[in-house]
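Have a look at the structure below before the remarks.
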Amino acid sequence: MTVNQTPFYIFNTLTRQKEVFTPINQGEVKMYTCGPTVYDYAHIGNFRAFLFEDLLKRWLQYCGFKVTHVMNLTDVDDKTIRGSQTKGVALRQYTGFFVKAFFEDIAKLNIEPADVYPCATDHVPEMVSIIKILQAKGFAYCGEDGSIYYAVSKFPKYGKLSHIKVGELKAGARVSQDEYTKDDAQDFALWKAYTPEDGDAFWETDLGKGRPGWHIECSAMSMRYLGETFDIHCGGIDNMFPHHENEIAQSEAASGKVFVNYWLHNEHLQVEGKKMSKRFGNFYTLRDLLERGYDPIAIRYLLLSTHYRQQFNFTFEGLNAAKSAIERLKNFRRRLQDADGRGSEGKVVMQIQHAKQCFEEAINDDLNISTALAALFDFVREINNLLDANAVSKEEANQTIEILMQFNSVLGIIDREEKKENLTNDIYALIQRREAARRTKSWKEADQIRDQLKTLGIIVEDTAQGMRWHKE
RNA sequence: GCUGGGGUGGCCGAAUCGUUUAGGCGGUAGCCUGCAGAGCUGCUCUAUAUGGGUUCAAUUCCCAUCCCCAGCUCCA
């Protein structure tokens with residue numbers, strides 16, 4: 001198979017335009033994605049971001065790039081501290097529980113793990129050293145409370161990402177308690193001086209006793225693992241301002257270099273047409289949905305199937321539709337595995353090439369997943385037509401499975417083969433009995449056994465190539 | 001208030017200033033099948049929030065209006 005040759009366009013928040021993606025080092029990509037704050041189970045909105053990032057990463061890998069992916073785990077902030085105190089356990093113990101849950105969740109969603117998952121609490125020295133540089137360069141000052149703040153006015157490019165003009169921010173909204181110690185309202189904390197409410201969450205450092213501000217962890221950990229300038233930084237649109245804007249200010253002031261070349265932000269999702277919130281009763285974690293019996297891969301498909309810069313409306317109707325769509329693909333693969341026809345005289349190969357081209361063109365256009373899926377389903381229909389005519393040879397079927405699996409390396413929604421489930425002897429015997437009944441045309445008995453198997457979760461189908469069964 | 005993103009068929013969702021405006025899901029009819037399932041084909045599908053304007057041509061550009069969503073200092 002030829003390697004994807006067309007350029008990959010991505011929408012860069014810095015320029016608000018689609019740009020051809022060109023990595024710093026040929027053939028490799030360094031990307032950083034803002035990870036979860038581990039104070040609770042992640043919700044499906046969080047996972048939309050992680051799935052978008054997974055799609056991006058898988059596509060870069062499909063294109064032949066070696067991707068180094070870093071995702072941080074925010075394990076010290078107001079919420080984690082409050083949570084650990086409410087539970088009466090150490091901060092580390094409290095966050096450790098949700099870190100474990102997070103990894104379980106992303107595994108269920110078939111999200112490829114990052115190469116490194118740095119925790120904020122493991123990188124305080126790196127943060128301190130950046131803050132000291134900022135102090136030395138005059139970008140940071142000490143407030144009356146002993147906290148250290150970043151002086152936004154010292155960084156002329158502040159606002160280049162979010163296109164927010166300092167000074168036009170709504171005055172008086174969501175004023176933080178310590179604001180009076182800052183020189184300017186828009187300044188933000190690099191280091192927070194210890195207060196008794198912080199409990200066991202403090203570090204004794206050259207900056208005094210305290211804990212890091214939120215934004216500094218991403219600057220410190222991304223530069224630690226990816227270098228002072230790297231290729232891609234992703235996150236939810238809400239992180240664009242102030243979080244990412246502040247990261248740029250900190251990192252570029254400290255290093256004197258461009259921090260990140262491409263910034264990508266995904267839009268939020270709504271649930272049943274409304275903002276997801278506990279108040280509306282439409283707030284879902286992955287675990288909530290799994291408890292209701294939904295398939296995590298259907299959730300993956302659904303959250304992935306809408307363009308990442310589009311607000312997405314999550315509905316249960318949509319989730320059911322996603323399940324059916326995946327089932328269609330699985331059925332397609334089952335048919336291919338059984339195929340042993342006379343050959344299509346090149347039609348299959350032609351369809352494969354066409355589908356590959358359409359699929360790649362679509363995703364190369366800023367991850368246009370909808371158009372890519374349309375190409376996939378067009379392909380499925382065309383090949384199904386040939387399968388109906390018994391015109392797909394075993395060799396052609398294998399080639400089709402190969403391209404399907406290539407697409408799937410990007411989508412992550414179907415397995416190459418049915419998961420080999422061990423049948424109990426009882427079920428095996430039932431299948432044998434039905435076959436025997438069918439051979440003697442005892443339709444009534446055969447149908448009755450088929451129904452019985454269905455209640456046991458086994459779907460039996462009769463095809464041109466004989467009987468076939470799979471789990472529901 | 002300021003800034004930004006949207007409103008496409010029963011539902012979800014692409015694309016595009018001009019031949020038939022993708023694809024999925026759902027419904028329905030037919031083909032196939034002993035039946036079913038899967039699959040295919042047709043129909044649902046004279047779908048582009050509303051009202052104007054520009055143009056040979058707009059759903060796509062412009063203006064106005066209505067509605068939804070987001071950001072505006074630690075929410076993906």
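A, B, ... follow the sequence lines: proteins, then strands. Residue 1 opens every chain. Any value given below was found using the heavy atoms of this structure, including those in side chains, with hydrogens, waters and symmetry copies removed.
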message: Is A:R328 close enough to B:rC40 that one of its side-chain N or O atoms is under 4.0 Å from OP1 or OP2 there?
response: yes
field: Distance test, side-chain N/O of A:S370 to OP1/OP2 of B:rA15, below 4.0 Å
entry: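 No, because none of the side-chain N or O atoms of A:S370 sits under 4.0 Å from OP1 or OP2 of B:rA15.
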What is the separation between atom [atom1] on [X] and atom [atom2] on [N], rounded to the nearest whole Å?
X	N	atom1	atom2	answer
A:Y308	B:rG13	OH	C1'	17 Å
A:K275	B:rA76	NZ	P	11 Å
A:Q270	B:rG7	CD	P	12 Å
A:H244	B:rA70	NE2	P	19 Å

field: A:N368 versus A:S370, side-chain donor and acceptor atoms under 3.5 Å
entry: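 No, no side-chain donor-acceptor contact under 3.5 Å.
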message: Under a 3.5 Å threshold, yes or no: a donor from one side chain and an acceptor from the other, between A:D75 and A:Y94?
response: no
By the 4.0 Å heavy-atom rule, please label [X] as base, sugar-phosphate, or nothing.
X	answer
A:N239	sugar-phosphate
A:D462	base
A:H307	sugar-phosphate
A:H243	nothing
A:E461	base
A:F312	sugar-phosphate
A:L387	nothing
A:A321	sugar-phosphate

Which nucleotide in the set [options] lies at the smallest distance from any side-chain heavy atom of [X]?
X	options	answer
A:T371	B:rA14, B:rA36, B:rA22	B:rA14
A:N313	B:rC75, B:rG13, B:rC25	B:rG13
A:T37	B:rG34, B:rA76, B:rA14	B:rA76
A:Q186	B:rU73, B:rG24, B:rG6	B:rU73

task: Answer yes or no for this row: A:H163 ring on B:rG4 base, centroids under 5.5 Å, planes under 30°.
output: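 Base of B:rG4: not stacked against A:H163.
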query: Paired stems touching RNA chain B, three or more consecutive Watson-Crick or G-U pairs with both distances under 3.5 Å?
result: B:1-7 with B:66-72, B:10-12 with B:23-25, B:26-31 with B:39-44, B:49-53 with B:61-65
In whole Å, what separates the [atom1] atom of [N] from that of [M]?
N	M	atom1	result
B:rU65	B:rC72	C1'	26 Å
B:rA64	B:rU73	C1'	35 Å
B:rU48	B:rU8	C1'	4 Å

query: In residues 443-451 of chain A, which ones come under 4.0 Å of RNA chain B, going by heavy atoms?
result: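 Output list: A:W443, A:D447, A:R450.
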message: I'd like to know whether NZ of A:K394 has more than 12 heavy-atom contacts from other residues, nucleotides or ligands below 6.0 angstrom.
response: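 Atom NZ in A:K394 is crowded, with more than 12 foreign heavy atoms closer than 6.0 Å.
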- prompt: Should the heavy atoms of other residues, nucleotides or ligands under 6.0 Å from NE2 of A:H354 be counted, would the total exceed 12?
  reply: no
Sidechain N-carboxylate O distance under 4.0 Å for [X], [Y]:
X	Y	result
A:E217	A:R211	no
A:D54	A:R58	yes
A:K154	A:D187	no
A:D378	A:R381	yes

Which of parallel (below 30°), tilted (30 to 60°) and perpendicular (above 60°) describes [X] and [Y]?
X	Y	value
A:F102	A:Y117	perpendicular
A:H243	A:H215	tilted
A:W59	A:F8	perpendicular

field: First encountered from the 5' end of RNA chain B, between A:G213 and A:R381
entry: A:R381
